[in-house]
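Read through the structure below, which is laid out as structure tokens, and then see the notes.
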2 protein chains.
Amino acid sequence: MAANLKPGTTKARILDTTAELFMRYGYTGTGLKQIVADANAPFGSLYHHFPGGKQELGVEVIHRSGAMYLELVLGVFDAAPDIVTGVHDCFAGAAEVLRATDYADACPIETVALEVASTNEPLREATAEVFESWIEGATEKFRAAGIDDSTARELSISVIALLEGAFVLARASRATEALDAAGKTAAAAVEAALRR
Amino acid sequence: MAANLKPGTTKARILDTTAELFMRYGYTGTGLKQIVADANAPFGSLYHHFPGGKQELGVEVIHRSGAMYLELVLGVFDAAPDIVTGVHDCFAGAAEVLRATDYADACPIETVALEVASTNEPLREATAEVFESWIEGATEKFRAAGIDDSTARELSISVIALLEGAFVLARASRATEALDAAGKTAAAAVEAALRR
DNA sequence: GAGAAACTAGATAGATCGCTCTAGCTGGTA
DNA sequence: TACCAGCTAGAGCGATCTATCTAGTTTCTC
């Protein structure tokens, strides 16, 4: 966990920089030299804070980014008057961020998840844990709105899949049409579950 | 296009091998040395057939894999008695392939699409073209079933996003739960569009 | 203020990256 | 047979990759 870690420290700068680079260039596409350069950190510090090297850094970044993103999305949910609006706002917000960052900042771990799924067990497990935490977080919200357990979980998985899938299409096409369409479908799926 | 290309030739072997490696290891994660080794091809042949190097090879692999996958999915669609069953069968078939290949063979271009979206324009455009061809192919099927144009396109995007997103979750968790859930949601979305 | 621990700093090793280069081989045509 | 593309074959280049190593600096504790 990246708890009680003072912001602005070398370690925090390395983690934040790495998270950003992972979003844009992926795991294999991000070099350690580039990380320390962008983070204004000396190379030695990297291996001091992460003796396990790139893999240990990657695991920590995934957990950290995953936790931050969960909080961000739950915040959007809590600010909305109901869960249908909440889901809609998540997709709309994601579209806005994507446009503002020239289609770079989408999901912080999606690219890494696909890259490492067949090559690096510790990293794969980290991404699986993050996705599971997102699913559980969303399931809790849907259950609280009166949707039964099994439906709530299926719905959570589908909404997250819609978001992740739309990110791929949106980044490839450099357009937010996919996020708009997926957002509509996600909201409709939630409405249908509520009516059941 | 990879039309009229005899199978078994050096060029075809290179293309097929590269496509498989891209699925498992992504674009940056796949080395040219590994490609020629796996394809049983000499290094010189690679640059003879693809003077533009890795990028030209990548573009051709993306177009080729994209066209093959489109045909595969349309085949599943045509074999089904109706489009709701067709969509369901696509997700079920994908789950089966994933299980059979130890969660390696999902979408042939998704990983590459995310990797190159912010780093390589020609490759990014190739992935965007493939996704657009898939969207148009699905839209045509839905329109043929009586769904209006704009709804059909939104539905196509959503179904593809569900599939791509489920691939990420399934490969990360090494389980097909996400494909099952996304498949149910996709089928429900198609049913809803038909009832409109 | 002394000593230990934490951290910074960067040169460098060894492997691998994409790519270029020159030869040699093969099959079809004159 | 002579020739010429098309293709095969792989050595090797400069750059870059992750990781290790030693040394210097700062910060905290007693």
Side-chain angles (χ1 to χ4, degrees), chain A residues 2-19 21-22 24-62 111-112 115-116 118-124 126, chain B residues 2 4-19 21-22 24-62 111-112 115-116 119-124 126:
Chain A
N4 56 347
L5 173 61
K6 281 176 216 159
T9 61
T10 303
K11 185 170 185 177
R13 283 204 318 278
I14 290 176
L15 284 168
D16 291 341
T17 302
T18 306
L21 291 172
F22 277 3
R24 289 166 156 74
Y25 313 120
Y27 183 75
T28 50
T30 301
L32 297 182
K33 289 260 165 68
Q34 190 184 358
I35 290 173
V36 296
D38 283 27
N40 257 327
F43 199 85
S45 301
L46 199 158
Y47 274 86
H48 170 77
H49 293 292
F50 308 97
K54 193 182 188 182
Q55 179 175 294
E56 181 182 341
L57 171 59
V59 168
E60 213 158 308
V61 165
I62 287 166
T111 310
V112 177
E115 280 181 290
V116 304
S118 301
T119 58
N120 191 315
E121 263 308 281
L123 281 172
R124 197 221 96 223
Chain B
N4 55 347
L5 173 62
K6 282 177 215 160
T9 61
T10 304
K11 186 170 185 178
R13 282 205 319 278
I14 290 176
L15 284 167
D16 291 341
T17 302
T18 306
L21 291 172
F22 277 3
R24 289 168 157 73
Y25 313 120
Y27 182 76
T28 50
T30 301
L32 296 182
K33 293 259 164 70
Q34 191 185 356
I35 291 173
V36 296
D38 283 27
N40 256 327
F43 199 85
S45 300
L46 198 158
Y47 272 85
H48 171 76
H49 293 293
F50 307 97
K54 194 183 187 182
Q55 179 175 294
E56 181 181 339
L57 172 59
V59 168
E60 213 156 309
V61 165
I62 287 166
T111 310
V112 177
E115 280 180 290
V116 303
T119 57
N120 191 315
E121 262 310 281
L123 281 173
R124 196 221 97 222

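Order of the sequence lines sets the chain letters (A, B, ...), proteins ahead of strands, with each chain counted from 1. Everything numeric in this text was worked out from a predicted model, so none of it was measured.
- Of the candidates D/dT18, C/dC19, C/dT8, the closest approach to any side-chain atom of A/T10 belongs to C/dT8.
- The backbone N or O of A/G26 sits nowhere less than 3.5 Å from a side-chain atom of A/E115 that would complete a donor-acceptor pair.
- Rotation axes derived from the C1' atoms of the five outermost pairs at either end of the helix from C/dG1-D/dC30 to C/dA30-D/dT1 lie 0° apart, to the nearest 10°.
- Taking atom NZ of B/K11 as the reference point, atom P of D/dT8 lies 11 Å away to the nearest angstrom.
- Taking atom CD1 of residue A/I14 and atom C1' of nucleotide C/dC7, one finds them 11 Å apart after rounding to whole Å.
- Remark: A/T9 pairs with A/L5, A/K6, A/K11, A/A12 by the side chain to side chain contact (heavy atoms under 4.5 Å, CB included) rule, at least two apart or across chains.
- Separation of atoms OG1 (B/T18) and CG (B/L57) is listed at 4.0 Å; rounding is to 0.5 Å.
- Within the nucleic acid shown, B/T28 has no heavy atom closer than 4.0 Å to any nucleic acid atom.
- Look at CD1 on B/I35: it is 12 Å from C1' on C/dC17, rounded to the nearest Å.
- Annotation for A/T30 and A/Q34: closest pair CA-OE1, 4.4 Å, computed over non-hydrogen atoms.
- When all heavy atoms are compared, the tightest approach of A/Y27 to A/K54 is O-NZ, 2.8 Å.
- Once rounded to the nearest 0.5 Å, the distance linking CD1 of B/I14 with CG of B/L46 reads 4.5 Å.
- Of the two residues contacting DNA chain C, namely B/G29 and A/R13, the nearest-nucleotide position lying further toward the 5' end is that of A/R13.
- Closest approach of A/D38 to A/T17, counting heavy atoms only: CB-CG2, 3.4 Å.
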Between protein and nucleotides 24-28 of chain C, what N or O pairs are separated by less than 3.5 Å?
none

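- In this structure, B/R13 contributes its side chain and B/N40 its backbone to a donor-acceptor pair below 3.5 Å.
- Annotation: proximity of residues 42-49 of chain B to DNA chain D (heavy atom, distance under 4.0 Å) is found for B/P42, B/F43, B/G44, B/S45, B/H48, B/H49, numbered in ascending order.
- Note that the CG atom of A/L123 and the CD1 atom of A/I62 stand 4.5 Å from one another [nearest 0.5 Å].
- Across the protein-nucleic acid pair, B/E56 atom CD and C/dG18 atom P stand 15 Å apart, rounded to whole Å.
- B/A126 and B/V59 get closest at one heavy-atom pair: CB-CG1, 4.3 Å.
- With values rounded to the nearest 0.5 angstrom, A/N120 atom CG is found 12.5 Å from B/Y25 atom OH.
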Return the polar atom pairs (N/O with N/O) between nucleotides 13-16 of chain D and the protein under 3.5 Å, or none.
none

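- A/F22 has its side chain out of reach of A/T111: every pair of non-hydrogen atoms, C-beta onward, lies at least 4.5 Å apart.
- Distance OH (B/Y25) to P (C/dC17): 13 Å, rounded to an integer number of Å.
- Following rounding to the nearest Å, B/N40 (CG) and D/dC7 (C1') show an atom-to-atom distance of 16 Å.
- At the heavy-atom level, B/T9 lies nowhere under 4.0 Å from the strands shown.
- Atoms OH (A/Y27) and C1' (D/dC17) sit 12 Å apart, rounded to a whole Å.
- A straight line from CG of A/L32 to C1' of C/dT16 spans 15 Å, rounded to a whole angstrom.
- Residues that satisfy the side chain to side chain contact (heavy atoms under 4.5 Å, CB included) test with A/S45, not counting sequence neighbours, are A/T10, A/P42, A/H49.
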